[in-house]
Amino acid sequence: MDLIESLKPIGRRLNRFKYLFLSLGIFGLIALATFFLIPDSVKTMGASVNDSEEIDLDAFPIVQPTLKYGFALDTFQVREGKIKNGEFLGNILHRYHIDYPSIEKLAKNAKPVFNINRFRVDKPYMILSKDSTQRADYFIYEPNVYHYIVFDLNTLETKKVERPIEYKTQIKGGQIATTLWEAITENGMSFDVAAKMEDALQWSISFQHLQVGDEFKLIFDEEYIDGEAVGVGKVKMAYYKTNDQEYYSVYYDHKNKNIVGYYDLEGRPKKGGFLKAPVKFSRISSYYNLNRFHPILKRRRPHYGTDYAAPYGTPIMAVGNGVIIKAGYTKGNGNYVKIKHDDTYQTQYLHMQKFASTTKVGAQVKQGQTIGYVGSTGLATGPHVCFRFWKNGRQVNHLRMNFPPPAPLPEEHLDGFFKVRDQYLEQLKKAEIKPIEKELELANNTSLKDLEIPEVDTP
Ligand SMILES: [Zn+2]
């Protein structure tokens with residue numbers, strides 16, 4: 001009896017545990033049931049806050065009576081979004097009830113048309129579902145304005161659709177008051193035009209030396225898709241006037257004869273010469289100067305090159321066709337490349353951050369080909385290329401050089417070329433140049449001294 005009495009409190013305590021276990025069990029069951037019964041879309045809500053936006057769209061599908069991507073949108077439930085960081089075809093389509101085996105097959109079928117690893121953050125996509133079902137029927141991805149990719153989620157086939165481009169010829173001109181960029185935009189052209197203009201004139205004009213009062217005229221194509229300007233095509237004719245010197249570049253394309261590129265008015269290929277600079281959009285931070293006072297060494301020491309300052313990693317171009325005869329490292333030069341163009345001329349590029357993958361001794365290079373990237377290796381304190389021009393084994397100032405003109409197009413092609421040229425010359429007369437009104441100042445030169453990069457080269 002005493003024993004039984006003494007055991008009672010233990011029993012009561014056990015009872016209490018029983019209730020605790022029972023209630024924990026019930027709670028667990030409810031939690032499990034909730035997990036399995038609630039649809040996938042709600043479960044992932046907590047995982048990605050960004051998705052909430054799209055769930056709103058689910059609830060209120062956009063119905064537009066318009067045609068897009070070749071679909072009549074008002075016959076579909078339309079959901080639009082942008083690729084988010086870390087999002088893949090799999091997790092997007094899974095949200096729209098496409099199972100993983102189908103997604104896998106879709107990705108495999110898509111390969112010849114589109115690599116599904118190429119989705120880019122912030123690019124738009126659209127999901128189309130027929131009204132009756134929640135399962136999506138089409139996924140459309142638009143990597144750029146020029147084309148889009150349609151994934152058919154029923155047949156699991158993919159197609160790429162190119163949008164038709166319309167070209168409108170523009171004839172424009174300008175005069176430089178401060179910078180080329182300003183002259184371009186003030187005359188109603190986009191930034192893209194400046195780059196295309198440099199492409200056309202890179203053999204004739206040193207874009208590091210544009211001067212106030214310089215004039216230019218351009219004929220170029222603007223690309224339109226659905227009535228909207230989307231880009232700039234090739235400059236067909238470029239004209240540049242500086243210090244009473246006039247330069248023309250005529251684009252000529254005789255497809256079947258491998259004759260394509262820019263020519264001067266006499267039909268001489270521009271590519272026959274050298275590029276004026278090895279880096280685009282750069283600035284000269286130090287000139288060729290046999291009597292240079294060195295800012296670090298505090299003594300006169302000749303500078304046998306021209307320094308082009310540009311951000312780290314900017315591509316460095318071969319200024320002419322040739323063969324790489326050196327690609328190495330020295331304490332002074334850092335990573336450098338030397339190219340032999342012919343028996344007379346060689347060029348050298350110092351202080352590279354790194355070489356291009358194709359840069360090797362003995363490799364052939366084409367004019368304009370990237371051979372390395374701007375850096376400050378060797379004795380240099382800022383990112384720049386020290387560009388050295390060698391003539392018959394001696395370093396010369398390439399900015400002062402006059403090269404013999406290359407031979408013009410073969411006789412049988414000249415008539416065809418002249419026809420195109422004369423047509424452009426006639427059109428170019430329509431280019432208007434507004435005289436500059438504002439206070440004249442050469443932005444390039446005023447900033448040169450402030451931005452001088454102290455730098456040491458070995459000759
Ligand atoms: Zn230098």
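Just so we're clear, the structure is a prediction, and the values are computed from it rather than from any experiment. Atoms within a ligand are numbered from 1 in the order they appear, just like the ligands themselves.
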Q: For the residue pair S204 and K276, confirm or rule out a side-chain donor-acceptor distance under 3.5 Å.
A: no

Q: Are any N, O or S atoms from H351 nearer to the Zn ion (ligand 1) than 2.8 Å?
A: no

Q: Do you see an N/O/S atom of H303, backbone or side chain, under 2.8 Å from the Zn ion (ligand 1)?
A: yes

Q: Would the distance check show the side chain of H384 and the main-chain N or O of Y308 forming a donor-acceptor pair, the cut-off being under 3.5 Å?
A: no

Q: Tell me yes or no: between the side chains of Q353 and T377, is some donor less than 3.5 Å from an acceptor?
A: no

Q: Y248 and E246: side-chain donor and acceptor closer than 3.5 Å?
A: no

Q: Looking only at N, O or S atoms in D307, which is nearest to the Zn ion (ligand 1)?
A: OD1

